[in-house]
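Written below as structure tokens is the structure these notes are about.
A, B, ... follow the sequence lines: proteins, then strands. Residue 1 opens every chain.
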Amino acid sequence: MVDGFELFTDRSVVAMRVNGELRDLAATVTPTDAVEPVTLSSADGLNILRHSAAHVLAQAVQNVNPAARLGIGPPVTDGFYYDFDVAEPFTPDDIKSLEKAMDRIIRQGQRFVRRVVTAEEARAELAAEPYKLELIGLKGVSTGSTTGDGSTTGPAADAELGADNESVEVGGTELTIYDNVDPRTGETVWKDLCRGPHLPNTRMIGNGYSLTRLAAAYWRGSEKNPQLQRIYGTAWPTKDELRAYQARQEEAAKRDHRKLGAELDLFSFPEEIGSGLPVFHPKGGIIRQEMENYSRKRHAEAGYDFVYTPHITKSNLFETSGHLDWYSDGMFPPMKLDAEYDADGHMTRQGVDYYLKPMNCPFHNLIFRSSGRSYRDLPMRLFEFGSVYRYEKSGVVHGLTRVRGMTQDDAHIYTTKEGMKEELTSTLNFVLKLLADYGLEDYYLELSTKDPKKFVGSDEAWDEATQTLAEVAEASGLELVSDPGGAAFYGPKISVQARDAIGRTWQMSTIQLDFNLPERFDLEYTASDGSRQRPVMIHRALFGSIERFFAVLTEHYAGAFPVWLSPVQVVGIPVSEQYGPYLDEIIERLTEAGVRAQVDHSDDRMQKKIRNHTKAKVPFQLIVGEEDQANGAVSFRFRDGSQDNGVPIDEAISRIVAAIETRAQVTGQGQS
RNA sequence: GCCGCCUUAGCUCAGUCGGUAGAGCGUCUCACUCGUAAUGAGAAGGUCAUCAGUUCGAUUCUGAUAGGCGGCUCCA
């Protein structure tokens, strides 16, 4: 019997995997155990570091405020959090004092010591921690319920607890408490219910951690539960890695579409209009129009029919569709056209409610139903840039990514059951190709399947459709992630998750089967044998909402759009006034070729103009002075500051036009 | 919707321990005409988010409302 400290003398090893289970280095192993080291920089090691940092935070909070009760404190991406029940919420000043308190704990070099306890012992020791008692209780319930099927208590407990975040406390097969021991006195200074494992010593946290933000969070993630105060932090093995993380955060903040939207004069949210209701300024309007125009062109080529439908409707349409039953909370309240009454109080005119539409599909169903349909008409693909309005809760609106009024690139495809698979395949390929044209080329797929508690339609139909979607997804060769229970009530879906330039993922396109609406709208077509059949309906959107896709592209490109999307594609900058007319002629030729080009004739000095247009992220600056004019040439300056001087006019024009036609990204002389 | 924070010029932000405000950038005017990221000078621009309350007096203190930010919950 040896422990991990003897097995692994390398100081970067912070824990070990014994027969697949993560254990503290203090644990003992036998010669027959399979043991692997876990280093601080590995994924497991980082989680352990961050989880230990969360414990130190909790200890610091209880040092400062002994009345604070503990929630949970798991590691998360890049960091950790810990939830507390405190009488007064934390303030930004508390962050500083808590970091000081954490520093003291870290410098003490406290050891984390694991101790197995019974439920009764845990309850006695943690009698003052009601949330911990609740977790112990949950574990007790699940332990008791696992009989007969041979399953171990661990996974069953996890399942009962639901979220991984809670299982870090009590998710193991045994109930354990971690004591924080002062190495000089041997005294236990703090303890917490925890599955572990932990770092050998708090000193290892000191290299790169920081508390980052304060928030409120519902206990166990449910709106019905009380809110706890959450403190988020980040932790890294070294100070350099912490700084690199902070630099990444700053980079992401610079790309924030809300910031760029204001800086580049693309859009705004006038307070007078209302929360979540954007207006697009001329420059944003150009980007949006280019996005839409290209989409229209490709949809036309792919056999879609373009339709238009109104923004409001009488309530009966959404009664038929079921939206008023399922989603009325998310809809703007109705416009009530008042009933009229005569002098005797008798109704002389029935009142009617009109609603803003939250979805386009019911309207498209009416178009399908407007005449008798034959199998020869299918698949019928109805496309619309449809503006919809959703009453998003006040706390969730966020820039262009979560708005109350948006335009979807929405299409509904009606097809036969036999044609479903082929249609799904071609739709997915169409979607992926088009996304790539906008510059998003790295994605994976997510398959959302039935929520057993919330669905309509038969199990057979769901199974078949889910199977079909899975086959189509697999055939694409892309990475496929399953999202069990994530489907809408009316049918399974595939969604395309795209990774942007700095590695964040966004849910983009969705392809969704619907068993509900064809039934509710009693949609039918006549089959080749003369029988009446129900079509299969596919909802699909590429952008999801144009506003959101606009935001994603803005952040993906950090505002430096590819030339075809750039609001201003070319700016001419004369070295001095006298070269203006020469540049005007070149810019006019570009304008005639459909290029968005202008000459900067302002009084600013050339250097200032370069600065202005570089900040505005104009892809091509054409600079002209004596030398260029004498040679019939121009000098290019690109967004990254690189130059290409003395380019003959014809060549310059054809390079610019080619960059637009190929939808190339141009940031520097080396185009990508 | 919930918790916390925030709202001062077009933008970014100072400031007023309660006596109605200031900078930089931008805008406008004038001068300058210059070869690769800020020429100089001058001027205009604010009901200190809105509405109530306390006060002799409120941008400042209180409350409500609207909008925003960070999270939570939600996202057909």
Side-chain angles (χ1 to χ4, degrees), chain A residues 81 83 86 88-92 94 212-232 256 258-259 262-263 265 268-277 318 321-323 325-331 358-362 388 390-399 401-403 408 454 486-491 493 507 510 512 514 516-517 539 544-545 548 573-580 601-616 621-629 635-646:
Chain A
Y81 65 80
D83 289 343
V86 284
E88 294 293 320
F90 298 105
T91 67
D94 292 336
T212 50
R213 46 180 55 119
L214 301 169
Y218 297 105
W219 168 240
R220 303 193 65 225
S222 169
E223 235 177 335
K224 298 184 189 76
N225 288 337
Q227 274 194 334
L228 305 181
Q229 296 301 315
R230 176 171 295 179
I231 299 177
Y232 281 94
D256 191 313
R258 294 166 299 181
K259 184 177 157 72
E263 283 173 7
D265 196 16
S268 62
F269 290 87
E271 204 180 313
E272 292 83 344
I273 298 175
S275 182
L277 297 168
F318 291 127
S321 69
H323 285 99
D325 289 338
W326 292 88
Y327 301 113
S328 57
D329 285 351
M331 293 168 66
M359 291 192 94
N360 302 301
C361 29
V388 298
R390 297 178 180 182
Y391 187 72
E392 301 287 1
K393 289 191 287 183
S394 63
V396 307
V397 296
H398 181 92
T401 59
R402 194 80 180 268
V403 290
Q408 296 180 311
K454 191 181 171 191
F489 72 92
Y490 52 73
K493 73 170 176 192
Q507 182 181 315
T510 59
Q512 193 152 9
D514 189 340
N516 185 45
L517 287 181
H539 303 243
S545 92
R548 203 178 112 87
I573 299 176
V575 166
S576 73
E577 217 171 74
Q578 59 186 299
Y579 309 108
H601 286 296
S602 70
D603 284 348
D604 289 327
R605 295 174 70 203
M606 179 195 65
Q607 288 85 340
K608 184 60 177 293
K609 292 180 185 180
I610 289 170
R611 177 179 159 83
N612 287 155
H613 301 298
T614 304
K615 279 172 67 181
Q621 294 177 40
L622 296 185
I623 298 172
V624 164
E626 183 55 40
E627 209 176 307
D628 292 300
Q629 183 166 13
S635 292
F636 277 92
R637 185 187 162 102
F638 302 95
R639 286 186 280 216
D640 68 351
S642 65
Q643 306 167 33
D644 192 2
N645 295 339

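- With both pairing distances under 3.5 Å, B/G63 is matched to B/C51 as a Watson-Crick or G-U wobble pair.
- At a threshold of 4.0 angstrom between heavy atoms, the contacts of A/Arg637 include nucleobase atoms, whether or not backbone atoms are also involved.
- The separation of B/C2 from B/G15, taken at their C1' atoms, amounts to 34 Å, rounded to a whole angstrom.
- In this model, the phosphate group of B/C69 is approached by a side-chain N or O of A/Arg258 to a distance below 4.0 Å at OP1 or OP2.
- Figure legend. B/C74 is base-paired to no nucleotide; pairs are counted as Watson-Crick or G-U wobble with both atom distances under 3.5 Å.
- At the phosphate of B/G71, neither OP1 nor OP2 sits under 4.0 Å from any side-chain N or O atom of A/Arg230.
- The partner of B/C34 cannot be assigned: no Watson-Crick or G-U wobble pair with both contacts below 3.5 Å exists in any strand.
- By the 4.0 Å N-to-carboxylate-O rule, A/Arg605 lies too far from A/Glu577 to be salt-bridged with it.
- Closest of all the heavy-atom pairs between A/Met331 and A/His323 is SD-O, 4.2 Å.
- Residue-level contact check: A/Phe269 touches neither bases nor backbone, having no heavy atom under 4.0 Å from any strand.
- At B/C75, none of the side-chain N or O atoms of A/Arg402 fall inside 4.0 Å of OP1 or OP2 (strictly under the cut-off).
- Comparing the C1' positions of B/U12 and B/G19 gives an interatomic distance of 29 Å, to the nearest angstrom.
- Look at the P atom in both B/U47 and B/U59: the space between them is 12 Å, to the nearest Å.
- Counting any heavy atom pair closer than 4.0 Å across all strands shown, A/Pro574 reaches no nucleic acid atom.
- Judged by distance alone with a 3.5 Å cut-off, no donor-acceptor contact links the side chain of A/Ser275 to the base of B/G68.
- Using a 4.0 Å cut-off, some side-chain N or O of A/Lys608 falls inside it from OP1 or OP2 of B/G26.
- Taking atom CD on A/Glu263 and atom P on B/G10, their separation rounds to 18 Å, with Å as the unit.
- Side-chain contact annotation: A/Tyr218 with A/Arg220, donor-acceptor N/O pair under 3.5 Å absent.
- The main-chain N or O of A/Thr91 is found under 3.5 Å from a side-chain atom of A/Asp94 such that the two form a donor-acceptor pair.
- When both pairing distances are held under 3.5 Å, B/G57 makes no Watson-Crick or G-U pair with any nucleotide shown.
- For A/Arg213, taking side-chain heavy atoms from C-beta onward, the closest of the listed nucleotides B/A37, B/G71, B/G1 is B/G71.
- Considering only side-chain atoms of A/Lys615, the nucleotide from B/A37, B/U33, B/G71 that sits closest is B/A37.
- Residue-to-nucleotide contacts include no donor-acceptor pair under 3.5 Å from the side chain of A/Asn645 to the base of B/G35.
- In terms of position along RNA chain B, the nucleotide closest to A/Asn612 lies nearer the 5' end than the nucleotide closest to the other residue of the pair A/Leu214 and A/Asn612.
- Along RNA chain B, the nucleotide nearest A/Glu392 and the nucleotide nearest A/Ala216 are compared for position; the residue whose nucleotide lies closer to the 5' end is A/Ala216.
- The residue A/Ser635 sits close to a base: some heavy atom pair falls under 4.0 Å.
- When the P atom is used for both B/G24 and B/C17, the distance is 23 Å, rounded to whole Å.
- Of the listed nucleotides (B/U36, B/G68, B/U33), B/U36 has the atom at the smallest distance from the side chain of A/Gln607.
- Comparing atom distances between the A/Val396 side chain and each of B/C74, B/G35, B/G68 picks out B/C74 as nearest.
- Applying the Watson-Crick and G-U wobble criteria (two distances, each under 3.5 Å), B/G45 pairs with nothing in any strand.
- Judged by distance alone, the side chain of A/Arg390 and the main-chain N or O of A/Pro358 form a donor-acceptor pair under 3.5 Å.
- In this structure, A/Phe489 and A/Trp326 have parallel ring planes: the angle between them is below the 30° cut-off, well short of the 60° mark.
- Taking atom OH of A/Tyr391 as the reference point, atom P of B/A76 lies 18 Å away to the nearest angstrom.
- When rounded to the nearest whole Å, the span between NZ of A/Lys609 and C1' of B/U39 equals 13 Å.
- The P atoms of B/A9 and B/U50 are separated by 10 Å, rounded to the nearest whole Å.
- One can place NZ of A/Lys393 at 9 Å from C1' of B/C2, the figure rounded to the nearest angstrom.
- Straight-line distance between the C1' atoms of B/U60 and B/A14: roughly 15 Å, to the nearest whole Å.
- Comparing B/C34, B/C3, B/C72 by their nearest atom to the side chain of A/Ala217 picks out B/C72.
- Atom-to-atom, NZ of A/Lys224 to P of B/C2 comes out at 16 Å; the value is rounded to the nearest Å.
- Between B/A43 and B/G4, the distance separating the two P atoms is 47 Å to the nearest Å.
- Distances shorter than 4.0 Å separate none of the side-chain N or O atoms of A/Tyr232 from OP1 or OP2 on B/G4.
- At the phosphate of B/C34, OP1 or OP2 sits under 4.0 Å from a side-chain N or O atom of A/Gln578.
- Interface remark: the A/Tyr218 side chain does not form any donor-acceptor pair with the B/G71 base, using a distance-only criterion of under 3.5 Å.
- Taking side-chain N and O atoms only, A/His398 has a distance below 4.0 Å to OP1 or OP2 of B/G70.
- Atom pair A/Asp83:CG and B/G71:P shows a separation of 15 Å (rounding to whole Å applied).
- With a 3.5 Å ceiling on both atom-pair distances, the Watson-Crick or G-U wobble partner of B/G24 is B/C11.
- Across all strands shown, A/Asp603 has heavy atoms under 4.0 Å from base atoms, whether or not it also approaches the sugar-phosphate.
- Remark: C1' of B/C69 and CD of A/Glu271 are 14 Å apart, rounded to the nearest angstrom.
- The side chain of A/Met359 lies closest to B/A76, out of B/G70, B/A76, B/U36.
- We find that A/Asp604 and A/Lys609 are not joined by a salt bridge, their nearest charged nitrogen and carboxylate oxygen being 4.0 Å or further apart.
- Under a 3.5 Å cut-off, the side chain of A/Thr510 and the backbone N or O of A/Gln512 do not form any donor-acceptor pair.
- Judged by distance alone, the side chain of A/Ser635 and the main-chain N or O of A/Val624 form no donor-acceptor pair under 3.5 Å.
- Atom name C1', nucleotides B/G45 and B/C25: the rounded distance is 14 Å, in whole Å.
- One donor-acceptor pair, N or O on each side, does fall under 3.5 Å between the base of B/C2 and the side chain of A/Gln227.
- With both pairing distances under 3.5 Å, B/C5 is matched to B/G68 as a Watson-Crick or G-U wobble pair.
- Nearest nucleotide to the side chain of A/Met606, out of B/U36, B/A38, B/G71: B/U36.
- Separation of atoms CZ (A/Arg637) and CD1 (A/Ile573) is listed at 8.5 Å; rounding is to 0.5 Å.
- In this structure, of B/C3, B/A37, B/A76, it is B/A37 that holds the atom nearest to the side chain of A/Ile610.
- Atom CG of A/Asn225 is separated from atom P of B/C2 by 17 Å (rounded to the nearest Å).
- Pair assignment for B/C17 gives none, since no Watson-Crick or G-U wobble pairing has each distance under 3.5 Å.
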